[in-house]
Number of protein chains: 2
Amino acid sequence: MRYSNATNYALHTMVHLMLQPEDSAVGVQELAEMQHLSPTYLSKILTKLAKAGLIESTPGAKGGYKISRKKHEISFLDVIHATEGDTSLFDCSIHHEGCLIENVMRQAEENMKAELKSKLLINIAKEAEAKQK
Amino acid sequence: MRYSNATNYALHTMVHLMLQPEDSAVGVQELAEMQHLSPTYLSKILTKLAKAGLIESTPGAKGGYKISRKKHEISFLDVIHATEGDTSLFDCSIHHEGCLIENVMRQAEENMKAELKSKLLINIAKEAEAKQK
DNA sequence: ATATTAAAGACTCTTAATATCTTTAATTAA
DNA sequence: TTAATTAAAGATATTAAGAGTCTTTAATAT
Ligand code: SF4
Ligand code: SF4
């Protein structure tokens, strides 16, 4: 069980977009080169992020992607939900009433999600930027 | 990203073995029927559990599986490690020094694992048994 | 010896992730 | 209006992992 590569790419892209000047759109071409990915592949991931409302896209010349207005509220969990979906990690198809096993597995997952929800991308981006200087 | 079915089967098998009378070995045949699985498939999972020291196997007539001496120490995490391996969920192959993204992802995973480690199977088994009565 | 049972190996099947190529639609700029 | 640019969508191919079966081997009890 592993996070998909798509999640990794999404996180990096989000951090990068966070650090762009306001109102400057970045094209998938540039974003893909940065991470050594094919533009079409990254495009699929970006479309997911856009559908989740985390970034905004404008087609056409001078178009591209920029971070959404929610910039300062976006958590790791938001990005992960966009790429991985939000189904439970442990999904027993049976769901016996009040199942104790499920209870434990779900609670554990909640603990992970709580942490991911508490960490905002903007803070990581700023920290990373400060570090580089 | 989902836990494998194997983990589900392993957890159920462990709970079942926990509730067996002392020193009674149960064959894979019986364990497989219980969960509507093929014996050979379940056998692979059981072998993993045995290698991890969670159960003990004895081949030959009257053989089978029984819970290990560590019965009262076995956590959910132990079982999950046996079936899923213990590699990190988020594994960026690059590992930049002091990477902030990895930090967050790792911490979140630790929070999940802490919960899984704190829950002992024996307690769930006893509870489930009490419930059925 | 024979029956029983776990372990291991080789193999198949299915599914999800990864990735590419092509077409379509939207937007800008000339 | 036309051409250039760029995201979105669709179709398809490739890869890797999970799920599962069948067969053979080794260990144990009777
Ligand atoms: S006991 Fe829980 S985990 Fe097991 S089959 Fe029922 S619902 Fe699923
Ligand atoms: S910054 Fe962190 S997650 Fe990104 S490539 Fe470097 S080590 Fe990997």
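Chain letters run A, B, ... following the sequence lines, proteins first and then strands; every chain starts at 1.
Residue B:Ile45 contributes atom CD1, which lies 14 Å from atom C1' of D:dT21 at whole-angstrom precision. Rounded to whole angstrom, the span from the CG atom of A:Leu46 across to the P atom of C:dA19 amounts to 14 Å. One interatomic measurement links the two molecules: CG of B:Leu42 to C1' of C:dT5, which rounds to 14 Å at whole-angstrom precision. Rounded to an integer number of Å, the gap from CG of A:Asp91 to P of C:dA16 is 13 Å. Taking atom CG of A:Leu31 as the reference point, atom C1' of D:dT6 lies 12 Å away to the nearest angstrom. What separates CG of A:Leu37 from P of C:dT20 is a distance of 9 Å, to the nearest Å. Between B:Lys66 atom NZ and C:dA6 atom C1' there is a gap of 13 Å when expressed in whole angstrom units. For B:Glu56 and C:dA7, the CD to P distance is 12 Å, given to the nearest whole Å.
With both pairing distances under 3.5 Å, D:dA7 is matched to C:dT24 as a Watson-Crick or G-U wobble pair.
Pairs engaging residues 65-78 of chain A under the salt bridge (charged side-chain N to carboxylate O under 4.0 Å, His left out) rule: A:Glu22-A:Lys71, A:Glu56-A:Arg69 [sequence neighbours left out]. The salt bridge (charged side-chain N to carboxylate O under 4.0 Å, His left out) analysis of residues 86-113 of chain A, with sequence neighbours excluded, yields the pairs A:Glu109-A:Lys113. Pairs engaging residues 115-126 of chain A under the side chain to side chain donor-acceptor pair (under 3.5 Å) rule: A:Glu115-B:Asn111 [sequence neighbours left out].
In this structure B:His81 satisfies the side chain to side chain donor-acceptor pair (under 3.5 Å) test with no other residue, sequence neighbours excluded. Remark: B:Ala128 engages A:Leu100 in a side-chain contact (heavy atoms from CB on, under 4.5 Å) (not counting sequence neighbours). For A:Ala52, the side-chain contact (heavy atoms from CB on, under 4.5 Å) partners are A:Leu54, A:Ala82, not counting sequence neighbours. Judged as a side-chain contact (heavy atoms from CB on, under 4.5 Å), and not counting sequence neighbours, the contacts of B:Thr7 are B:Tyr3, B:Ser4, B:Leu11, B:Ile80, B:Thr83, B:Glu84. The side-chain contact (heavy atoms from CB on, under 4.5 Å) search around B:Lys62 returns none, not counting sequence neighbours.
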Once base and sugar-phosphate atoms are separated, protein heavy atoms under 4.0 Å mark nucleotides 13-19 of chain D, 5' to 3', with B, S and - as ------S

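At the heavy-atom level, B:Lys51 lies under 4.0 Å from the strands shown only through sugar-phosphate atoms.
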Identify all side-chain donor-acceptor contacts of residues 32-48 of chain A below 3.5 Å with residues at least two apart in sequence or on another chain.
residue	atom	partner	partner atom	Å
A:Gln35	NE2	A:Thr13	OG1	2.8
A:Ser38	OG	A:Tyr41	N	3.2
A:Thr47	OG1	A:Ser43	O	2.9

Which atom pairs link the protein and nucleotides 9-13 of chain C when you take only N or O atoms and keep those under 3.5 Å?
residue	atom	partner	partner atom	Å
C:dG9	N7	B:Lys44	NZ	3.2
C:dG9	O6	B:Lys44	NZ	2.7

Distances under 3.5 Å only, N/O to N/O: pair up the protein atoms with those of nucleotides 25-30 of chain D.
residue	atom	partner	partner atom	Å
D:dT28	O2	B:Ala61	N	3.2

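The closest side-chain heavy-atom distance from B:Leu31 to B:Tyr9 is not below 4.5 Å.
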### Task
For B:Val79 and B:Leu49, run side chain to side chain contact (heavy atoms under 4.5 Å, CB included): C-alpha distance rounded to whole Å, both residues' side-chain angles, the deciding distance at 0.1 Å, then the answer.
CA-CA 7 Å; B:Val79 177; B:Leu49 293 175; 4.2 Å; yes

